[in-house]
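So the structure is just underneath, and the comments pick up after that.
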Number of protein chains: 2
Amino acid sequence: MPRSVSRLVPKVPAVPGAGRRQQFSASTKRTLLDVAEGLFTEHGYAATSLDAVVAGAEVTKGALYHHFNGKAALFEAVFERVEQDATRSISQALKGRKDPWEKAQAGLRQFLEVVQEPRYRRIVIQDGPAVLGYERYREQEERSTFGTVVEIVRAVAGVGEWDLDEEMLHTFARIFFGAMSAAGASVATAAEPDVAAWRVEAAIGFIISGFQAMADAEVVPPWLAEDD
Amino acid sequence: MPRSVSRLVPKVPAVPGAGRRQQFSASTKRTLLDVAEGLFTEHGYAATSLDAVVAGAEVTKGALYHHFNGKAALFEAVFERVEQDATRSISQALKGRKDPWEKAQAGLRQFLEVVQEPRYRRIVIQDGPAVLGYERYREQEERSTFGTVVEIVRAVAGVGEWDLDEEMLHTFARIFFGAMSAAGASVATAAEPDVAAWRVEAAIGFIISGFQAMADAEVVPPWLAEDD
DNA sequence: CTGAGTACGTACCCACGGTACGGTGGCGTA
DNA sequence: TACGCCACCGTACCGTGGGTACGTACTCAG
């Protein structure tokens, strides 16, 4: 059932003057992205045919291949848009927060919200790595959601006054991001997402409290004692 | 270039007696799995054609579809084998360890080794979720690698004498598993895997030390204070 | 008014997953 | 030992779907 989406049709010029042609072009491109996003979310990348996409957008494959280099390119464009929305959403939640711990909490909460969106789970988490390859997948991550995590970790580390070099900071961010992704997935698939979300918040909070406690007590990580 | 793998050919009975027929059958099935594993690892699921698999195994599609219900089923069989090997490898590393913290460390180290295997990264981490779907993917995880993580977390929590219910324990395990997966991926793709592995061990050790410090100091997680 | 190039539509190719069916040889049975 | 059955596998074929080559209409600069 190819969903049809309303789209500008070159009949009467909507806005006369500078480039009506390009308006139609942008409209069809956007429509293709919208339809593709819906189908990718619903059936996944592999089970979505380009015929279904162009049928939903009420165009032909000629139009699709004019705007995108192929199916993978179309997916990547959709992928980028979804990640951009997610990043904007999270960044918005951080507005106004001053305390790094508070920012971390707000960021986590908003991420747990985002990860419950079907499109994010399906397109970014599930199909993303396989379609884009881990190389490009991590490139995309780096300059979107993951980038936000890096900033938060940097802020928190600054409060703790730990002397982490840039590499170590990225390692921590990577670990936290992986933890959040997995946690988010468990939240999204849980029978009661709300309860599960609370559990995750509690667990992560538990871990972070450990950092604070350790900073206060000035303990030495036990399995770093036997360094050779 | 379809790699050909040596395989039993029904010419002279290798071991006479009980069921030579089944030996040939098992041999071809195993050969199909071996070839498929190699091709899936090298080119990925989507870019691997069944023609290439049967060519490498020196059989035809008739044989393949006799043993497996389809391409996805073939992949899942390969997937299970890889995960079983990984689980065995990690369990082996835990043998003899008594102290839970020590077990955690050994398990982490072995996991970081496993995650560097190209077949595990490509088949399990990269293509697994997309091909099997998140449902089946997590089912498989649950009774293999992730199950080991749960046991380790349970042991460690027992030492800390924290009263975690089963749900919370699973949440922690989920988080740690996600952290380890992401960390493992960063290790595998790093320019210097050894150094990266050390960083991850240090970071995770850092976090776990936080737990110990917190257990000693009996602090309260800060963002759990404002419970409503 | 006209050339040029954008923005599509049309027709087609072919790789690849899947299926239907045919055959052959081992293995239990009498 | 003869025989029939079924597991095991080969052969031939189809349909879907990604990708491509090429034609066309419309727009805008000059």
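Proteins come first, then strands; the chains are lettered A, B, ... in the order of their sequence lines, and each starts at number 1.
- Annotation: cation-pi geometry not satisfied between B:K71 and B:Y65 (NZ/CZ under 6.0 angstrom from ring centroid, within 45° of ring axis).
- For the OP1/OP2 pair of D:dC8 and a distance below 4.0 Å, the side-chain nitrogens and oxygens of B:S25 include at least one atom meeting the criterion.
- Contact annotation for B:S49: backbone-only contact, meaning every heavy-atom pair under 4.0 Å involves sugar-phosphate atoms and none involves a base.
- With rounding to whole Å, B:F68 atom CZ is found 11 Å from D:dC9 atom P.
- In this structure, the nucleotide among C:dG17, C:dG9, D:dC9 sitting nearest to the side chain of A:V59 is C:dG9.
- Put simply, CG on A:L64 is 13 Å from C1' on C:dG9, counting in whole angstrom units.
- Checking the phosphate oxygens (OP1, OP2) of C:dA7, a side-chain nitrogen or oxygen of A:H66 falls inside 4.0 Å.
- Nearest nucleotide to the A:A63 side chain, out of D:dG19, C:dC8, C:dG18: C:dC8.
- With a 6.0 Å radius and a threshold of 12 heavy atoms from other residues, nucleotides or ligands, A:R136 has its CZ atom at or below the threshold.
- One can place CG of B:L39 at 12 Å from P of C:dC16, the figure rounded to the nearest angstrom.
- In the model, A:Q140 has a side-chain atom that pairs as donor or acceptor with a side-chain atom of A:E80 under 3.5 Å.
- For the pair A:R174 and A:F146, the cation sits on the ring face: its NZ or CZ lies under 6.0 Å from the ring centre, inside 45° of the axis.
- One can find a donor-acceptor pair under 3.5 Å joining the base of C:dG17 and the side-chain atoms of B:K61.
- A:I175 contributes atom CD1, which lies 11.5 Å from atom OG of B:S181 (distance to the nearest 0.5 angstrom).
- Distances shown here put a side-chain N or O of A:T28 below 4.0 Å from the OP1 or OP2 atom of C:dC8.
- Whole-Å rounding puts the B:D51 CG to D:dC13 P distance at 16 Å.
- If you take NE2 of A:H43 and C1' of D:dG17, they are 15 Å apart, rounded to a whole angstrom.
- Between B:H67 and the phosphate of D:dC9, there is a side-chain N or O to OP1/OP2 separation shorter than 4.0 Å.
- The side chain of A:T60 lies closest to C:dT10, out of D:dG18, C:dT10, D:dC9.
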